[in-house]
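Read through the structure below, which is laid out as structure tokens, and then see the notes.
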Amino acid sequence: MCEKALSQPRPVEASNMLFEVQCEATPAGIRRVLSSIRTQLSERTLGGAETITIAELVLAEILNNISEHAYSNTDCGTINVMADDLVWAWQFHVFDKGMASPEAVQLPTEAATPEASRLPESGFGLIIINTLADNLEYKRSNGTNHLSFVITKVPAPTPH
């Protein structure tokens with residue numbers, strides 16, 4: 001049986017929980033949860049379609065990296081995703097109990113976008129994440145990986 005990646009206590013700065021979902025760390029599980037997240041963001045927020053697409057792209061990269069790397073030594077793993085509405089942005093928290101992110105693969109800071117040649121595999125996924133997400137933070141505590149990030153809302157176009 002898979003050990004669940006239980007979420008940590010909610011951050012103090014979170015103003016309004018949008019959702020908390022869990023998926024298996026498999027391609028099918030990730031596709032299902034991304035579809036669910038897109039639906040929930042569309043139905044429950046004022047973010048425009050562009051913001052939803054950006055959030056979905058960043059989450060797809062992160063969840064696939066967890067599946068491929070954190071759970072590479074097992075056929076069993078779960079991922080939890082939580083989202084908060086901060087009025088001007090969405091804050092996401094992703095938890096898993098897979099292997100820790102190696103130091104060389106950890107997300108770069110906003111000030112330092114890495115060169116693709118220094119990243120594992122193609123490395124473009126980390127560049128996409130770093131370009132589209134803000135306030136990236138990775139921590140590991142008590143066997144749980146916690147990645148948090150913010151997606152700034154792009155206002156929906158107003159009809160003319």
Side-chain angles (χ1 to χ4, degrees), residues 4-23 25 29-70 78-98 100-116 118-120 122-142 144-158:
K4 297 191 184 299
L6 299 176
S7 56
Q8 303 297 315
R10 302 201 45 75
V12 174
E13 69 272 11
S15 62
N16 185 21
M17 183 172 178
L18 292 171
F19 61 79
E20 182 171 3
V21 294
Q22 185 176 83
C23 71
I30 290 168
R31 279 192 303 276
R32 278 191 298 274
V33 83
L34 288 171
S35 177
S36 171
I37 289 170
R38 174 175 269 286
T39 299
Q40 291 184 59
L41 289 175
S42 297
E43 292 174 351
R44 301 165 123 204
T45 67
L46 299 176
E50 184 177 347
T51 309
I52 294 168
T53 300
I54 290 169
E56 185 177 26
L57 179 59
V58 170
L59 281 166
E61 287 294 332
I62 289 168
L63 298 180
N64 283 318
N65 282 343
I66 292 169
S67 175
E68 292 173 15
H69 303 290
T78 57
I79 305 168
N80 284 17
V81 181
M82 296 168 39
D84 297 303
D85 190 342
L86 303 177
V87 180
W88 56 274
W90 295 323
Q91 183 175 38
F92 292 90
H93 300 273
V94 181
F95 301 92
D96 71 82
K97 289 203 170 275
S101 177
E103 194 172 310
V105 181
Q106 288 183 16
L107 294 171
T109 64
E110 291 176 30
T113 299
E115 295 176 34
R118 298 190 64 207
L119 295 171
S122 70
F124 293 116
L126 292 176
I127 292 172
I128 289 169
I129 293 166
N130 194 52
T131 301
L132 298 176
D134 296 313
N135 302 334
L136 292 164
E137 188 175 322
Y138 169 79
K139 297 180 206 170
R140 182 161 174 95
S141 177
N142 298 321
T144 299
N145 297 310
H146 174 199
L147 177 67
S148 63
F149 62 94
V150 170
I151 300 293
T152 303
K153 291 180 186 176
V154 176
T158 56

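Note that the structure is a prediction, hence the values are computed from the model and not measured.
By the side-chain contact (heavy atoms from CB on, under 4.5 Å) test, L57 pairs with I128, L132, sequence neighbours left out. When the side chain to side chain donor-acceptor pair (under 3.5 Å) test is applied to T39, no partner is found at least two apart in sequence or on another chain.
Side-chain contact, T152 with D134: a donor N or O sits under 3.5 Å from an acceptor N or O.
Rounded to the nearest 0.5 angstrom, Q22 CD and S36 OG are separated by 12.5 Å. To the nearest 0.5 Å, atoms CD (E56) and OG (S35) are separated by 8.0 Å. Between the CG atom in N64 and the CZ atom in R31 there is a gap of 9.0 Å [rounded to 0.5 Å]. The distance from atom NE2 of H146 to atom OH of Y138, rounded to the nearest 0.5 Å, is 11.0 Å. Atoms CD1 and CG, on I52 and L59 in that order, are 12.0 Å from each other to the nearest 0.5 Å. For the atom pair CD1 (I62) and CZ (F149), the distance works out to 4.0 Å, reported to the nearest 0.5 Å.
Nearest heavy atom pair, residue G125 against residue E61, reads CA-OE1, 3.2 Å. Scanning all heavy atoms of the two residues, the minimum distance from A25 to S67 falls at O-OG, 2.9 Å.
Side-chain contact between T144 and K139: absent, with no pair of heavy atoms (C-beta onward) separated by less than 4.5 Å.
A perpendicular orientation is assigned to the rings of W90 and F92, their planes being inclined by more than 60° (bins at 30° and 60°).
The side-chain contact (heavy atoms from CB on, under 4.5 Å) test with D85 singles out one residue from K153, Q91, M17, and that residue is K153.
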